[in-house]
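See below for the structure under consideration.
Below, chains carry the letters A, B, ... as their sequence lines are ordered, and counting in each starts from 1. Treat the numbers as computed from the prediction; the structure is a model and nothing was measured.
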Amino acid sequence: MKGIILDMTNKYSNIKKDDFKSYATTLRSNMCGELNFGMVDSKVKLCGWVNKRRDHGKLIFIDLRDFSGLIQVVFDANINEASYSIAKEIRAEYIISIEGTLKARTAETVNRDLATGDVEVAADSINILSRSKTPPYALDERDRVDEMSRLKYRYVDLRTEDMQENLRLRHKVSSTTRQYLNSNGFIEVETPILAKSTPEGARDFLVPSRLNPGNFYALPQSPQLYKQILMFSGFDRIYQIARCFRDEDLRADRQPEFTQIDLEMSFVSVDDVIKLIEGLITKIFTEVLGMELALPFKRLTWRHSMETYGTDKPDLRFGMQITDLTDIFKNSQFNIFINVLSRKGVIKGLKVDDGSQFTRKDLDDFVYTAKKYGAGGLIWMKVESNNVLNSPVAKFLTDGEKQLLIERLDLHENNLVLIVADQFLKTCSALGVLRNYLGHRLNLIDLDAFNFAWVVDFPLFEFDDREKRLSPMHHPFTSPSPDSMDMLDMEPLGVKSLAYDIVLNGNEIGGGSIRINDIELQKKIFKILGFDDKRIEDNFGFFLRALQYGAPPHGGIALGMDRLVMIIGRLESIREVIAFPKTQSAYCMMTESPSVVTEQQLSEVSIKLSPIKKRDQE
RNA sequence: GGAGCUGUCGUCUAGCGGUUUAGGACACGUGCCUGUCACGCACGAGGUCGCGGGUUCGAAUCCCGUCAGCUCCGCCA
């Protein structure tokens, strides 16, 4: 049963009952959730929310709630008429204080479903501290209520056990992180929120400057350059739990403002950063979840991850790896294969052990999915008895090719094979999406598992199809790896970087790199990215000047804290771990933000609006 | 920019062209009730079906548009 009863055995609710002593105030002596049989007969003063009122005529029960739990309070008209009559007008979510005596419940009236169910408070007096309108929904209805009204009445939603747990979990992750980094020589340094716009990467949120008409700050997409400059300044190790802002479209795991565990270290290699973060993650899992993780985490090269799992954030909780089939079809007479191979494409396949359950519609959906993710198409083959391949394209394959395919994939009756032939990245990623889908659909995934991995040896650049130029795979301050540095001029797409991502259950939860600390190399990278001198000076002049005054070798990483907490808490959306999140259109249902501002406010910052359609003003 | 799903009392929902003056449950209000903890019983109030237009003798129900929410693609160095 999932109610508002706070389950003190819950793994996240390990608030020690001893701790409650320090919560006593002038208004209360104890917390609701700490009361127990050993305290029977003591006088208590409690404050809290009315979770539920049960009126039996001359007898009223109130379940009083604070963050620690629930306690039943009893009002008896024959014993205390005055407080009984006040209790009569109490309603759900009223905030009251009561004084009374803790009593043991009789054997017949003990409630085993309630942590404090063997005791109750006989009330001597009651005070209404704050009245409440009838709440928009009862707290224990939360999991059935539409998210729209939960966001509108977020102050009510946050009272629920789930949200209390989620934000306490988040707090434990951030406080454990601070302790760990503090004890490893890091200091926490704050950097500006009103920062400089460097229009590269995500879209900036802009803030007009009243004192500098026509000029704008940008909210930081990350504190990257500040972190690096603090290294130039000799702090050696800094971190911050940093708010970052990116004006891009939202997803279940993306908010316009989000929190990174962001750190930078001097005189380090890739291994140093990885080791530090493995220590951090291990500590978080031990202290927050009481769970031991095996170290070191698995490391995959980017290339291997793409080839085997079809993504740079592989879900290693299940197998079903992608197999290369290109060589089998090198002399194929099948037109699709001929075309792909002539353009240096690849042919890869995915074997599904239990393929018999898929209908023709499922197979059509797989084709649609493959196309949606950029592949030209998808070929499916069902393996029937005697290893006969049932497929629309079977007639285009030779017996030899079929035999090689059967051997390569170790095919048996009822297997399903999905084959994509296209350019390397498109082929891999289409199969990767299908692999993830099938992993879930076929229940191949242990949902209790936490499977970490590092992905390393990323390419330094990727080709931006839209802009028709190179763009950095990580960011433009990432160091090329020394062994591929000499390819920068002739074959930049072949250059590897000293970047690394940390992946958890198929989610990228962080990424970082060893940075460039040589001004000439940094300028060269900007040039390769197609920045002209003016652009370099306008956007990064300050940074290049800083590089001129001595910059140590350094590197760092940023972990997406919201995402990490979401996964640890086994939640479906990042909004569940953010106190006041925004909707998919970046709107806050509670504060009704963003909103229009006055003409005067606009003119103070020298802004004139062009006519645009506005969000409905109710 | 695009695709899909959703939108009926406070909440969750039934209804999917005429027996609907839109039904139920929970919540809410009034009354009764001394042991409940999903309290119980009785009575009552509450929605015109996101919004706009169209089709039709007739629309919550069909069509078009639009708004909002969610999921996804693009986007997110």
Checklist entry - Checking all strands, does Arg105(A) fall into the base, sugar-phosphate, or nothing category for heavy-atom contacts under 4.0 angstrom? => result base
Checklist entry - P atom, rA25(B) versus rA42(B): distance in rounded Å? => result 11 Å
Checklist entry - Closest nucleotide of RNA chain B for Lys58(A) versus for Gly117(A): which of these residues is on the 5' side? => result Lys58(A)
Checklist entry - Quick one: does Glu120(A) reach the base of rG35(B) with a side-chain donor-acceptor pair under 3.5 Å? => result yes
Item to check | Main-chain N/O of Gln228(A) paired to Arg515(A) side chain as donor or acceptor, under 3.5 Å | outcome: no
Checklist outcome for this item: Scanning all shown strands, the Watson-Crick or wobble mate of rG17(B) with both distances under 3.5 Å is none
Checklist entry - Do Gln255(A) and Asp562(A) have side-chain atoms, one donor and one acceptor, less than 3.5 Å apart? => result no
Checklist entry - Is a donor on one side and an acceptor on the other found under 3.5 Å between the side chain of Asn30(A) and the backbone of Val44(A)? => result no
Checklist entry - Roughly, in whole Å, what's the span from CZ in Arg53(A) to P in rG40(B)? => result 14 Å
Item to check | Nearest-nucleotide pick for Glu248(A), side chain only, options being rA68(B), rC75(B), rA3(B) | outcome: rC75(B)
Checklist entry - Should Arg54(A) be listed as having a side-chain N or O under 4.0 Å from OP1 or OP2 of rU36(B)? => result no
Checklist entry - Does rA3(B) have a Watson-Crick or wobble partner in any strand here, with both distances under 3.5 angstrom, and which is it? => result rU71(B)
Checklist entry - Any side-chain donor paired with an acceptor under 3.5 Å for Asn436(A) and Tyr309(A)? => result no
Next on the checklist: Does Thr478(A) reach a base, just sugar-phosphate, or nothing at all? Heavy atoms under 4.0 Å.
Outcome noted: nothing
Checklist entry - What is the pairing partner of rU66(B), taking Watson-Crick or G-U wobble pairs with both distances under 3.5 Å in any strand? => result rG50(B)
Item to check | Nearest-nucleotide comparison on RNA chain B, the residue closer to the 5′ end among Asp63(A) and Gly57(A) | outcome: Gly57(A)
Checklist entry - With a non-hydrogen cut-off below 4.0 angstrom, is Pro472(A) in contact with a base, only sugar-phosphate, or nothing? => result sugar-phosphate
Item to check | Euclidean distance for C1', rG50(B) against rG40(B) (whole angstrom) | outcome: 38 Å
Item to check | Atom P, compared across rU11(B) and rC73(B): separation rounded to whole Å | outcome: 31 Å
Item to check | Side-chain N or O of Ser585(A) closer than 4.0 Å to phosphate OP1/OP2 of rG69(B) | outcome: yes
Checklist outcome for this item: Whole-Å distance, Lys52(A) NZ to rA27(B) C1', equals 9 Å
Item to check | Candidates rC12(B), rG29(B), rU36(B) - which lies nearest the side chain of Thr109(A) | outcome: rU36(B)
Checklist outcome for this item: Side-chain atoms of Tyr587(A) come closest, of rG35(B), rG69(B), rC70(B), to rG69(B)
Checklist entry - Between rC33(B) atom C1' and Asp76(A) atom CG, what is the distance in whole Å? => result 14 Å
Next on the checklist: Using the six-membered base ring of rC39(B), report whether His56(A) stacks on it, requiring centroids under 5.5 Å and planes under 30° apart.
Outcome noted: yes
Checklist entry - What nucleic acid atoms does Thr134(A) come within less than 4.0 Å of, heavy atoms only: base, sugar-phosphate, or nothing? => result sugar-phosphate
Next on the checklist: Considering every strand and a 4.0 Å limit on heavy-atom distances, what is the contact class for Asp247(A): base, sugar-phosphate, or nothing?
Outcome noted: nothing
Item to check | Residue pair Trp454(A) / Val503(A), side-chain heavy-atom distance below 4.5 Å | outcome: no
Checklist entry - Are the aromatic ring centres of His474(A) and Phe458(A) under 6.0 angstrom apart? => result no
Item to check | Interatomic distance at C1', rC28(B) relative to rG53(B), whole Å | outcome: 37 Å
Checklist outcome for this item: Glu141(A) has its side chain closest, among rC73(B), rC26(B), rU71(B), to rC26(B)
Next on the checklist: Output the rounded distance in Å from CD1 (Ile62(A)) to P (rU36(B)).
Outcome noted: 18 Å
Checklist entry - Can you check whether Thr583(A) has a side-chain N or O nearer than 4.0 Å to OP1 or OP2 of rG69(B)? => result yes
Checklist entry - Across the strands shown, which category fits Ala252(A) at heavy-atom distances under 4.0 angstrom: base, sugar-phosphate, nothing? => result sugar-phosphate
Checklist entry - Nearest 0.5 Å, what's the CG-CZ distance between Asp118(A) and Phe37(A)? => result 6.5 Å
Next on the checklist: So does Ala87(A) get a backbone contact from the side chain of Arg53(A), meaning a donor-acceptor N/O pair under 3.5 Å?
Outcome noted: yes
Item to check | Span that lies between the C1' atom of rA22(B) and that of rU48(B), in whole angstrom | outcome: 8 Å
Checklist entry - Whole-Å distance between rU11(B) P and Arg144(A) CZ? => result 13 Å
Checklist entry - Counting only distance, no hydrogens or angles, is the base of rC76(B) paired donor-acceptor with the side chain of Arg254(A) under 3.5 Å? => result yes
Checklist entry - Quick one: Ile60(A) CD1 to rC39(B) P, roughly how many Å, whole number? => result 14 Å
Checklist outcome for this item: Against the side chain of Lys88(A), the closest entry in rU36(B), rU71(B), rC33(B) is rC33(B)
Checklist outcome for this item: If pairing means Watson-Crick or G-U wobble with both distances under 3.5 Å, then the partner of rA25(B) is rU11(B)
Item to check | Donor-acceptor pair (no angle test) under 3.5 Å: Asp249(A) side chain, rG74(B) base | outcome: yes
Item to check | Closest to the Val145(A) side chain, choosing from rU11(B), rC37(B), rU71(B) | outcome: rU11(B)
Next on the checklist: Taking only the C1' atom of each, what is the distance from rU13(B) to rG46(B) in whole angstrom?
Outcome noted: 16 Å
Next on the checklist: Tell me if the side-chain of Asp55(A) makes a donor-acceptor pair with the base of rC33(B), cut-off 3.5 Å, by modelled atom types.
Outcome noted: yes
Item to check | Spacing of Tyr84(A) atom OH relative to rC33(B) atom C1', expressed in whole Å | outcome: 9 Å
Checklist entry - What distance, rounded to whole Å, do you find between the two C1' atoms, one in rC62(B) and one in rU56(B)? => result 10 Å
Item to check | Phe232(A) ring center within less than 6.0 Å of Phe543(A) ring center | outcome: yes
Checklist outcome for this item: Of the candidates rU36(B), rA77(B), rU11(B), the side chain of Phe61(A) sits closest to rU36(B)
Checklist entry - So does Gln224(A) get a side-chain nitrogen or oxygen closer than 4.0 Å to the phosphate oxygens (OP1/OP2) of rA77(B)? => result no
Checklist entry - Nearest to the side chain of Met589(A), which nucleotide is it out of rG69(B), rC72(B), rU71(B)? => result rG69(B)
Checklist entry - Are Asp315(A) and Arg435(A) close enough, and set up right, to give a salt bridge (charged side-chain N to carboxylate O under 4.0 Å, His left out), and what steps lead you there? => result CA-CA 9 Å; Asp315(A) 191 338; Arg435(A) 175 181 175 272; over 6 Å; no
Next on the checklist: Between rG69(B) and Arg150(A), counting only base atoms on the nucleotide and side-chain atoms on the residue, is there a donor-acceptor pair under 3.5 Å?
Outcome noted: no
Next on the checklist: Any base atoms under 4.0 Å from Tyr373(A), or only sugar-phosphate, or nothing? Heavy atoms, all strands.
Outcome noted: sugar-phosphate
Next on the checklist: Regarding Glu147(A), tell me which of base, sugar-phosphate or nothing describes its non-hydrogen contacts under 4.0 Å with the strands shown.
Outcome noted: sugar-phosphate
Item to check | Phosphate contact (rC73(B) OP1 or OP2) by Arg251(A) side-chain N/O below 4.0 Å | outcome: yes
Checklist outcome for this item: Testing rU36(B), rC70(B), rC76(B) for proximity to the side chain of Ala202(A), the answer is rC76(B)
Checklist entry - To the nearest angstrom, how far is Leu64(A) atom CG from rU36(B) atom P? => result 21 Å
